[in-house]
Amino acid sequence: MNRTLAIIKPDAVENHRSGAILAHLEREGFVVRAARLVRLSRAEAEAFYEVHRGRAFYPDLVEFMTSGPCLPLVLERDNAVAHYRAVIGATDPAEAAEGTIRKLFAESKGRNAVHGSDSDENATREIGFFFPEHELAGLWGQA
Ligand code: CMP
């Protein structure tokens with residue numbers, strides 16, 4: 001079992017697609033280990049997407065990710081990073097395969113419904129960005 005960080009982005013939250021996307025992910029065998037509805041500040045969005053700083057789309061990306069609440073999730077299943085990326089499809093919904101989350105729910109390359117970690121290393125960093133280790137442990141510890 002391993003984990004990935006997913007974000008249901010502001011477009012999908014605003015369009016009331018969070019439930020449908022969560023159902024899709026659970027049908028795919030992902031277990032939701034943590035979830036939080038958050039409104040990112042500009043500084044937080046810039047830091048989260050630091051790797052893209054300098055790219056032409058970076059200002060629009062930061063603007064969009066701060067435009068409303070989003071829903072970061074820690075998802076668990078075997079081969080989590082690769083399986084999640086297959087389930088969400090290509091970044092641009094016009095290129096995403098039929099039945100993928102972005103094909104079903106995304107509007108455009110920018111407003112593309114969901115984010116996903118692209119490697120185990122980044123999954124660890126991105127999970128830590130939203131969910132402190134002690135909080136995750138507390139969620140699933142003994143009641
Ligand atoms: P995400 O998986 O959140 O990672 C970076 C985001 O930048 C990506 O999804 C897209 O929503 C957004 N983006 C906007 N334009 C581009 C582009 N030209 N190439 C890659 N990503 C883009």
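We count ligands from 1, going down the list as the structure has it; atoms in each ligand are counted the same way.
A 4.5 Å side-chain heavy-atom check between Asp78 and His83 finds every atom pair outside the cut-off. Between Glu26 and Val32 the shortest side-chain heavy-atom distance falls below 4.5 Å.
The line from CZ of Phe30 to CG of Leu22 is 12.0 Å long, rounded to the nearest 0.5 Å.
Between Arg42 and Glu63, at least one side-chain nitrogen of the basic residue sits less than 4.0 Å from a carboxylate oxygen of the acidic one, meeting the salt-bridge criterion.
Contact between Lys9 and Phe64 at its shortest, heavy atoms only, is CD-CE2, 3.8 Å.
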Within the protein, flag every N or O under 3.5 Å from an N or O of ligand 1, and note the pair and distance.
residue: ligand 1; atom: 2 (O); partner: Arg102; partner atom: NH2; Å: 3.3
residue: ligand 1; atom: 2 (O); partner: His115; partner atom: ND1; Å: 3.2
residue: ligand 1; atom: 3 (O); partner: Lys9; partner atom: NZ; Å: 2.7
residue: ligand 1; atom: 3 (O); partner: Tyr49; partner atom: OH; Å: 2.6
residue: ligand 1; atom: 3 (O); partner: His115; partner atom: ND1; Å: 2.9
residue: ligand 1; atom: 9 (O); partner: Lys9; partner atom: NZ; Å: 3.2
residue: ligand 1; atom: 9 (O); partner: Asn112; partner atom: ND2; Å: 3.4
residue: ligand 1; atom: 11 (O); partner: Lys9; partner atom: NZ; Å: 3.2
residue: ligand 1; atom: 11 (O); partner: Lys109; partner atom: O; Å: 2.8
residue: ligand 1; atom: 11 (O); partner: Gly110; partner atom: O; Å: 3.4
residue: ligand 1; atom: 11 (O); partner: Asn112; partner atom: OD1; Å: 3.2
residue: ligand 1; atom: 11 (O); partner: Asn112; partner atom: ND2; Å: 3.2

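Between Phe129 and Phe48, the ring planes are perpendicular. Angles over 60° get that label, and only those under 30° would be called parallel.
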